[in-house]
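Order of the sequence lines sets the chain letters (A, B, ...), proteins ahead of strands, with each chain counted from 1.
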2 protein chains.
Amino acid sequence: MDRDQTEKDDEASGLGRPTLKTLAFMTGLGVTTVSRALKDAPEIGAETRRRVQLVAKQIGYRPNRAGVRLRTGKTNVISLVLNTEREIMSFVSDIIYGVSEVIADTPYHLIVTPYSRSQDPLDPIRYLVETGSADGVIISRTQPNDPRARYMLERGIPFATHGRTDMGLIHPYHDFDNYAFATEAVRHLAGIGRRRLALLAPPVELTYHSHTLNGFTDALSEVGASEIPFNTVSVDHSIEQIRMRTAQLMRRDVRPDGFVSSAAAATLAIVAGIEDAGLKLGRDVDVVSKQSSDLLHLFRRELLVVNENFRLAGAELARSVLGWIGGATPGSLQSLSKPTGVLAYRRPD
Amino acid sequence: MDRDQTEKDDEASGLGRPTLKTLAFMTGLGVTTVSRALKDAPEIGAETRRRVQLVAKQIGYRPNRAGVRLRTGKTNVISLVLNTEREIMSFVSDIIYGVSEVIADTPYHLIVTPYSRSQDPLDPIRYLVETGSADGVIISRTQPNDPRARYMLERGIPFATHGRTDMGLIHPYHDFDNYAFATEAVRHLAGIGRRRLALLAPPVELTYHSHTLNGFTDALSEVGASEIPFNTVSVDHSIEQIRMRTAQLMRRDVRPDGFVSSAAAATLAIVAGIEDAGLKLGRDVDVVSKQSSDLLHLFRRELLVVNENFRLAGAELARSVLGWIGGATPGSLQSLSKPTGVLAYRRPD
DNA sequence: GTGACAATCTGTAACGTTTCAGTATATAGG
DNA sequence: CCTATATACTGAAACGTTACAGATTGTCAC
């Protein structure tokens, strides 16, 4: 028995990665005590606690994730679920950095779980939940009646959505105020004399489609301008399609003199379409566009822009998920961000 | 003892997530047998093997990652290490999708490990290696003498670099042929009559800086054109800085009549700077730019573009890392991609 | 001096997996 | 008929962690 003990201690002092056993050996305490001392359990003496924590810091002890996960089921993982074909580029980049920023000084890792056009969006969620691969999930492209949100709510797995749902169910979200964006855009266009406005909207199936559309039509009647229908395309369509449809539209007798565009890349296409039709931006027509990086003004000086900050969205979403995991009530983890970096006012003359 | 047995079996048949114990109970075999049967071990009878695999498939058995990881040390994780401030947006998005594509039907997960300007780039690598958080690592912003590559090579952890090193050490990489890009760009500019060329290069510390520069200067002497130095800025500088420096440069007596730009966003700034100086793209000066998404031609019709496919890069990098993990020799996992979607030839007239 | 009780610490078991060292059975060789 | 060997399977131990149920002190009231 003495031999066994010695042998074990020798192993514990080995030069591999330190474990609780290593710490136990070094401090002369039991593994259990060390474990509890590290998490400030009350039944451990103050001095012991400090001693253990000191040694742990000194030798750079880090809990083994697999051990914790196996024992407790806690993965310390947040999963960001992304559509590999339809997400906006800057969205992917910025939201990842936003999330990273928030989880940087936590034990959490960020895993990216992709799904493609051909898959049911519920697939990756089912996978995550069934395999218990994450403590929290962030989803985008949220729908009014979102099966993913419903599914996770039913299983009680913490998540946050980019965009709101409309199912009468409460869950954390972060959203950009697209209603405000659309109303401000319309008001501004009206302010510079534009009367016939077209909206390049988000895809109908996503919640922010109606937010945007409502803001657009409400402001339209407020300012007494009229809508030129432009709903054969959405921001999800290809650059080429949007460009072509815009050009078609601009060649009609009754054509818009103002556009509201929900995405920067789509705006490039709209402008190209306008110019294809031989018209000039700022003279014949004005365009207000959302953008997430400050590049559109380089593209055409005349463009009017509203900024949506995806990095902030990522940070907020991460905070929400961590909050839920930490026991906060879902209803308190909802946020809406207002349009910023407002339109540079300008008269067409 | 009988009671205990029954109790255990009851647990095994429970409705939680199925484990090897569940399978063992259902098949009437031992846990060991089931484990081996699932991985086609030779000492398991053919029928037993099929039977176990059938049941496993039926009840949707998936090995517990924490269990495997704890026992074997295998994490089934690939980590993509990214600089949160300096990566190109479309790079982040596309490379993630490229990697995802390749690991989609493997047990691997992708985790994103970020680091910021203020940190030593080696920090995240050290963290990953010390905590054994990944089976393989992908890094970008590779330097000729890259401490990260050296570090991982020393510890024997599989990795792949986006871009090459120049340390006489062999490791997997994927790189875009920036030498070819620069030579083709210069040749093309010379072909349309441009004689005084400026290069907006990658940051000096990265390996592809010299690749690009060498291609540029080699082609310059080949076609007998001259260089207008433009090395106070790189593609890493802010849009505003590049724009200002370009404008300054274009107001000089001896100014370039051609630009080669290593990044799309920087190209927007160059064009803005050119126009700030009252000059016209396509008439006074031509610009050849790399781009990763097909948007620059919408920006200015006159822009000449070469495409770099980051999604492909991500896929290649993932293949390389998996290959190395799978036992292939590092030297066989290197690839170079040629410029595609060549310049639309056009005369300035 | 005794019992009660708080304070502090500890061993064992379990999470799910794989590996090691077997065991049991059948087959074949002599 | 006995031994050797191959075939097919199995239990125990271990990876690192935490929870549970003690165990060992010391202190204090009476």
Side-chain angles (χ1 to χ4, degrees), chain A residues 1 4-5 7-9 11-12 14 16-52 56 59-76 107 130-133, chain B residues 1 4-5 7-9 11-14 16-52 56 59 61-76 107 130-133:
Chain A
M1 185 145 190
D4 277 19
Q5 191 56 36
E7 217 175 302
K8 275 185 187 173
D9 290 352
E11 281 193 295
R17 188 167 157 214
T19 69
L20 289 181
K21 204 153 109 188
T22 320
L23 285 177
F25 173 66
M26 294 181 75
T27 55
L29 296 164
V31 174
T32 305
T33 310
V34 172
S35 172
R36 319 210 71 176
L38 287 176
K39 43 177 59 67
D40 286 317
E43 63 267 49
I44 303 296
E47 198 206 304
T48 306
R49 198 155 49 203
R50 265 178 298 138
R51 201 158 59 87
V52 170
I59 65 172
Y61 167 78
R62 298 188 177 257
N64 179 303
R65 310 191 117 234
V68 175
R69 182 165 171 177
L70 182 57
R71 178 64 236 242
T72 66
K74 182 133 205 283
T75 62
N76 283 312
E130 282 171 8
T131 62
S133 289
Chain B
M1 187 140 191
D4 276 19
Q5 192 55 37
E7 218 174 300
K8 276 185 189 174
D9 290 352
E11 282 191 296
S13 69
R17 190 169 155 211
T19 69
L20 289 181
K21 204 152 110 189
T22 321
L23 284 178
F25 173 67
M26 294 180 76
T27 56
L29 297 163
V31 174
T32 305
T33 310
V34 172
S35 173
R36 321 209 70 176
L38 287 176
K39 44 179 57 67
D40 285 317
E43 64 267 49
I44 302 298
E47 198 205 304
T48 305
R49 197 153 53 203
R50 265 178 298 137
R51 201 158 58 89
V52 170
I59 65 172
Y61 167 77
R62 298 189 179 254
N64 179 303
R65 309 192 119 232
V68 175
R69 181 164 171 178
L70 183 57
R71 178 65 234 244
T72 65
K74 182 134 206 281
T75 61
N76 284 312
E130 282 171 10
T131 62
S133 290

B/Asn64: which residues meet the side chain to side chain contact (heavy atoms under 4.5 Å, CB included) condition with it, sequence neighbours left out?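 Checked B/Asn64 against side chain to side chain contact (heavy atoms under 4.5 Å, CB included); matches are A/Leu70, B/Arg17, B/Ala66.
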Pairwise side-chain contact, A/Leu38 with A/Leu20, heavy-atom cut-off 4.5 Å (strictly under):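 SC-SC contact between A/Leu38 and A/Leu20 confirmed.
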Counting C-beta onward and ignoring hydrogens, is there a side-chain heavy-atom pair between B/Thr19 and B/Val31 closer than 4.5 Å?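 Not in contact.
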Between [atom2] of [N] and [atom1] of [X], the distance in whole Å:
X: A/Asn64; N: D/dT18; atom1: CG; atom2: P; value: 10 Å
X: B/Glu43; N: C/dA21; atom1: CD; atom2: P; value: 14 Å
X: A/Arg65; N: D/dG16; atom1: CZ; atom2: C1'; value: 14 Å
X: A/Arg69; N: C/dG16; atom1: CZ; atom2: P; value: 13 Å
X: B/Arg36; N: D/dA8; atom1: CZ; atom2: C1'; value: 11 Å
X: B/Asn76; N: C/dT17; atom1: CG; atom2: P; value: 13 Å
X: B/Arg62; N: C/dT17; atom1: CZ; atom2: P; value: 13 Å
X: A/Ile44; N: D/dT24; atom1: CD1; atom2: P; value: 17 Å

For [X], which contact category applies under a 4.0 Å heavy-atom criterion: base, sugar-phosphate, or nothing?
X: B/Gly30; value: sugar-phosphate
X: B/Thr72; value: sugar-phosphate
X: A/Thr33; value: base

Just compare [options] and give me whichever is closest to any side-chain atom of [X].
X: B/Leu20; options: C/dT17, C/dC20, D/dG16; value: C/dT17
X: B/Thr32; options: D/dG16, C/dT17, C/dC20; value: C/dC20
X: B/Tyr61; options: C/dT17, C/dT8, D/dA12; value: C/dT17
X: A/Thr48; options: C/dC9, D/dG16, C/dT17; value: C/dC9

So, is A/Ser35 near the phosphate of D/dT18, with a side-chain N or O under 4.0 Å from OP1 or OP2? yes
Is A/Lys21 close enough to D/dG16 that one of its side-chain N or O atoms is under 4.0 Å from OP1 or OP2 there? no
If every non-hydrogen atom of B/Arg65 is compared with every non-hydrogen atom of A/Ser133, which pair is closest and at what distance? CD-OG, 4.4 Å
Nearest heavy atom decides the nucleotide; on that basis, is B/Pro42 or B/Leu70 closer to the 5' end of DNA chain D?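 On the 5' side of the pair lies B/Pro42.
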Do other residues, nucleotides or ligands put more than 12 heavy atoms under 6.0 Å from B/Glu43 CD?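 More than 12 heavy atoms, drawn from other residues, nucleotides or ligands, come within 6.0 Å of this atom.
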